[in-house]
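For ligands, and for the atoms within them, numbers begin at 1 and follow the listed sequence.
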Amino acid sequence: MSQLAPSILAADFNHLGKQIQQLEQNQIKLLHIDVMDGVFVPSISFGMPLITSIRKESSLFFDVHLMVQEPSRYIKEFVEAGADLLTVHVEACKGVTVSETLKMIKEHNIKCGVSLNPETSIEKVLPYLDLADLVLVMSVHPGFGGQKFIPETLGKVRTLAALREDKGCGYQIEIDGGVHQGNLHTIVSAGVDIIVAGTAVFSGDIAENARKIKGVIENAS
Ligand code: DX5
Ligand code: ZN
């Protein structure tokens with residue numbers, strides 16, 4: 001069954017620890033952590049110190065999404081901060097190649113993911129499907145929460161699901177951006193394993209939102 005990964009980008013940072021506890025109490029297992037560098041994407045979010053802090057209190061799986069130019073420069077630091085999975089963008093790896101970057105992540109005995117922007121063609125990630133533990137399909141332009149879901153990106157999900165079947169690869173498929181209760185059913189049916197949701201989880205009652213979203217996922221699976 002698909003899993004929900006709440007994105008803390010939409011959290012209230014005044015109460016971050018408490019909000020993460022609420023997720024844990026509602027059987028959430030994954031936490032999506034959006035790191036933005038102001039270069040690969042226009043905005044800046046947070047970095048290693050925040051991850052180090054929340055790692056002390058949480059045993060959730062930390063799914064760290066690096067929207068960062070040349071991410072290989074920071075792998076060691078993010079592993080030390082407590083990441084369980086590091087996802088890098090194909091568009092962001094320049095000097096150190098995508099393959100080299102993914103291998104560097106794996107050498108630290110954590111999982112590695114590769115992501116692609118809405119305008120990037122699926123062909124760009126095909127060379128890494130044997131290496132990656134996860135493919136993150138961006139369903140909005142990276143950089144901000146609260147954007148509108150781009151439905152055409154589900155075509156990539158379907159292609160990745162079919163390729164996984166054909167090739168016998170083990171990667172998981174994650175979607176990120178613009179997910180809400182109304183489009184969840186279509187997303188799950190397309191073959192997504194991990195569903196990132198920020199605004200849909202953190203606006204209003206977190207526990208109720210998490211329960212409702214999980215209910216829709218269960219019905220659609
Ligand atoms: C966008 C981030 C997303 C974002 C999702 O750059 O990668 O993870 O937080 O937020 P919502 O669910 O609000 O679209
Ligand atoms: Zn993200």
Relative to the heavy atoms of [X], which atoms of ligand 1 are at a distance of less than 4.0 Å?
X	answer
Met67	6 (O), 7 (O)
Thr199	11 (P), 12 (O), 13 (O)
His65	7 (O)
Val196	8 (O)
Asp176	2 (C), 3 (C), 4 (C), 5 (C), 7 (O), 8 (O)
Gly177	14 (O)
Met36	6 (O)
Gly145	10 (O), 13 (O)

Is it the case that ligand 1 has an N or O less than 3.5 angstrom from some N or O of Gly198?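 Yes: some nitrogen or oxygen of Gly198 is under 3.5 Å from one in ligand 1.
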
Any N or O of Val140 closer than 3.5 Å to N or O of ligand 1: no

Is a donor on one side and an acceptor on the other found under 3.5 Å between the side chain of Asp133 and the backbone of Cys112? yes

Has the side chain of Glu24 got a donor or acceptor atom that lies under 3.5 Å from a matching backbone atom of Ser58? no

Is there a heavy atom of [X] sitting under 4.0 angstrom from any atom of ligand 1?
X	value
Ala200	no
Met138	yes
Ala10	no

Shared ILVMFWY cluster between [X] and [Y], side chains joined below 4.5 angstrom?
X	Y	value
Val35	Ile110	yes
Val64	Phe144	no
Ile122	Leu102	yes

Would you kindly say whether Asn219 and His185 are connected by a side-chain donor-acceptor distance under 3.5 Å? no

Leu4 vs Val201, test: side-chain contact (heavy atoms from CB on, under 4.5 Å). Steps then yes/no. CA-CA 10 Å; Leu4 172 63; Val201 171; 4.2 Å; yes

Is any protein N, O or S atom closer than 2.8 Å to the Zn ion (ligand 2), and if so, which? His32 NE2, Asp34 OD1, His65 ND1, Asp176 OD2

So, for Ala200 and His180, which heavy atoms are closest and what is the spacing to 0.1 Å?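 Smallest heavy-atom distance, with atoms named: CB-CA, 4.1 Å.
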
Please report the shortest heavy-atom distance between Ile217 and Leu184, naming the atom on each side.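 Distance-wise, the nearest heavy atoms are CG1-CD2, 4.1 Å.
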
Could you check Glu208 against Lys212 for salt bridge (Lys or Arg N to Asp or Glu O under 4.0 Å), going step by step and ending with a plain yes or no? CA-CA 6 Å; Glu208 194 186 320; Lys212 281 191 179 158; 3.0 Å; yes

One residue to check: Ser7. Relative to ligand 1, which of side chain, backbone, both or neither has a non-hydrogen atom less than 4.0 Å away?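 For Ser7, the contact with ligand 1 is made by the side chain alone.
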
Give the contacting part of Leu9 toward ligand 1: side chain, backbone, both or neither, where contact means a heavy-atom distance below 4.0 Å.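 Side chain only; the backbone of Leu9 stays clear of ligand 1.
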
[atom]: the protein heavy-atom neighbour that sits closest, reported with distance to 0.1 Å:
atom	answer
atom 14 (O) of ligand 1	Gly178 N, 2.8 Å
atom 6 (O) of ligand 1	Gly143 N, 2.7 Å
atom 1 (C) of ligand 1	Phe144 O, 3.5 Å

His32: which residues meet the ring-ring contact (aromatic ring centres under 6.0 Å, His included) condition with it, sequence neighbours left out?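 Expected list: His65.
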
For the pair Gln27 and Arg211, evaluate side-chain contact (heavy atoms from CB on, under 4.5 Å) and give the outcome as yes or no after the intermediate values. CA-CA 9 Å; Gln27 286 72 52; Arg211 274 198 299 273; over 6 Å; no

Verdict with supporting geometry, Val68 and Val39, side-chain contact (heavy atoms from CB on, under 4.5 Å): CA-CA 7 Å; Val68 170; Val39 179; over 6 Å; no

Pick, from Asp34, Ile8, Val41, Val35, the option with the minimum heavy-atom distance to atom 4 (C) of ligand 1. Asp34

Centroid-centroid distance, Phe46 to Phe13, less than 6.0 Å: yes

Candidate pair Ser7 and Asp34, rule side chain to side chain donor-acceptor pair (under 3.5 Å), full reasoning: CA-CA 7 Å; Ser7 162; Asp34 285 310; 2.7 Å; yes

